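To start, the structure itself, in structure tokens.
All values reported here derive from a predicted model rather than from experimental measurement. Labels below follow one simple rule: chain letters A, B, ... track the order of the sequence lines, proteins then strands, and each chain is numbered from 1.
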Amino acid sequence: MAEGHAVIRWARRLAPLVGEPLVHVQMPKRWGERPQTLVGQRLLPPRTHGKHLLLPLSGGETLHCHGAQYGSWQVGERPMELRKEPKHVRLRLDTADHEAVFYHGPTVELLTPDELAAHERLNRLGPDIMAGGEGSPDFDRAEAVHRIRQRGEDPIKPVLLDQRVVAGIGNIYASEGLFLARVDPRRPAASVTEAELDALWDATIPMMWDGTTRYGRTETTPREMWDEGHTRWVYQRKNKPCHVCGTPIELVRLPPYERATYLCPACQR
DNA sequence: TACATATGATCAT
DNA sequence: TGATCCTATGTAA
């Protein structure tokens, strides 16, 4: 549901609340009374790292949210009719005029500055594929290449999904990017050349930004190519003809998690 | 009505 | 390597 581009979309949608004092905060009970201490604080501009959303508050603490496959945000003017059952609410932030509700996401935690600095899961993330913002990419390619090389014989596609290697790429963009870079997803990670990885980043980064800003959905092909509801080069197009050469698209599953991987056996070597 | 699948990730073993 | 959590959606029966 939420690859890096979608998380940036969430951060942007929170803009109406930024800088305004919180008048109400709702969080799961396991944080006890701490949410009450957030009332009166202001939400500072949200940050993202890969699929992680960080909401700094004027008091110094930071809310950390991760949506996995099912998390979603609803942002609107108050009063707002909830799109889902109240029991599904994981976090709710209200300002005088707006409210933001996070549903279903498995991670919602309030971190002190020390906890944020020592956060293992955040600290081990690889370089953010979306870093620098649209039009001024600041993705650390050298660090990503270094981390990919360390994976040796592991197939490149699942390596790209490991957030410790590169943060922000999800299952759709991994298949789509490797197709555009003409790299076979089964190849050993260390065998993919620097030029091929450059082609991969060059294809993937603008594709993900387009997903953010142009369509608001995970669509990767030009509209005139869409067939039978398919809006991507290879993902979920098993046995459909490749948009480039006509060869039927293949579905393979690669270790360690056997997640669906799509490729054109003719275009990708 | 049941089942398969999923744009994610962690934990136990 | 397998189990588990979270929920929505499409397809088969």
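dT7(B) is unpaired under the Watson-Crick or G-U wobble criterion, no partner having all donor-acceptor distances under 3.5 Å.
Using the six-membered ring where Trp is involved, Phe102(A) and Trp73(A) have ring planes that are parallel, under 30° apart on the 30 and 60° scheme. In this structure, Tyr173(A) and His5(A) have perpendicular ring planes: the angle between them is above 60°, well past the 30° mark.
One side chain, Ser72(A) or Arg83(A), offers a donor N or O that lies under 3.5 Å from an acceptor on the other. Between the side chains of His119(A) and Glu109(A), at least one donor N or O sits under 3.5 Å from an acceptor N or O.
We find that NE2 of His88(A) is positioned 6 Å from P of dT7(C), with the value rounded to whole Å. Taking atom CD1 on Ile169(A) and atom C1' on dA9(B), their separation rounds to 17 Å, with Å as the unit. Gln69(A) has its CD atom 8 Å from the P atom of dA9(B), to the nearest Å. Remark: P of dT5(B) and NZ of Lys238(A) are 10 Å apart, rounded to the nearest angstrom. The nearest whole Å value for the distance from the CG atom in Leu160(A) to the P atom in dA9(B) is 13 Å. Between the P atom of dT7(B) and the CD1 atom of Ile172(A) lies a distance of 7 Å, rounded to the nearest Å. Residue Gln236(A) contributes atom CD, which lies 12 Å from atom P of dT5(B) at whole-angstrom precision. For the pair Leu251(A) CG and dT7(B) P, the computed distance is 11 Å after rounding to whole Å.
Results of the side-chain contact (heavy atoms from CB on, under 4.5 Å) test with Thr107(A) over Arg90(A), Arg121(A), Lys51(A) single out Arg121(A) as the only residue that passes.
Phosphate contact (OP1/OP2 of dG8(B), side-chain N/O of His66(A), threshold under 4.0 Å): absent. Residue Arg253(A) has a polar side-chain atom (N or O) positioned under 4.0 Å from OP1 or OP2 of dA6(B). OP1 or OP2 of dA8(C) has at least one side-chain nitrogen or oxygen of Lys84(A) nearer than 4.0 Å. The phosphate of dA9(B) has OP1 or OP2 within less than 4.0 Å of a side-chain N or O from Gln163(A). Taking only side-chain nitrogens and oxygens, Arg259(A) comes nearer than 4.0 Å to OP1 or OP2 of dT7(B). Contact check, His104(A) against dT7(C): a side-chain N or O comes under 4.0 Å of OP1 or OP2.
Remark: the separation of the P atoms in dA8(C) and dT10(B) is 22 Å, to the nearest Å.
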Using a cut-off of under 3.5 Å, enumerate the N/O to N/O pairs linking the protein to nucleotides 10-13 of chain B.
unit_1  : atom_1 : unit_2    : atom_2 : d
dT10(B) : OP1    : Arg121(A) : NE     : 2.7
dT10(B) : OP1    : Arg124(A) : NH2    : 3.4

task: Take Lys157(A) and Leu161(A) through the side chain to side chain contact (heavy atoms under 4.5 Å, CB included) test and state the conclusion after the steps.
output: CA-CA 7 Å; Lys157(A) 188 267 188 173; Leu161(A) 285 187; 3.7 Å; yes

Derivation of the side chain to side chain contact (heavy atoms under 4.5 Å, CB included) call for Leu17(A) and Val75(A): CA-CA 9 Å; Leu17(A) 287 86; Val75(A) 180; 3.8 Å; yes

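In the region residues 197-205 of chain A, proximity to DNA chain B at under 4.0 angstrom, judged on heavy atoms, holds for none of the residues.
Once rounded to the nearest 0.5 Å, the distance linking CD of Glu61(A) with CG of Asp114(A) reads 11.0 Å.
In summary, Glu99(A) and Arg92(A) engage in a salt bridge, as defined by a charged side-chain N under 4.0 Å from a carboxylate O. A salt bridge links Arg141(A) and Asp202(A); the closest N-O separation between the charged side-chain nitrogens and carboxylate oxygens is under 4.0 Å.
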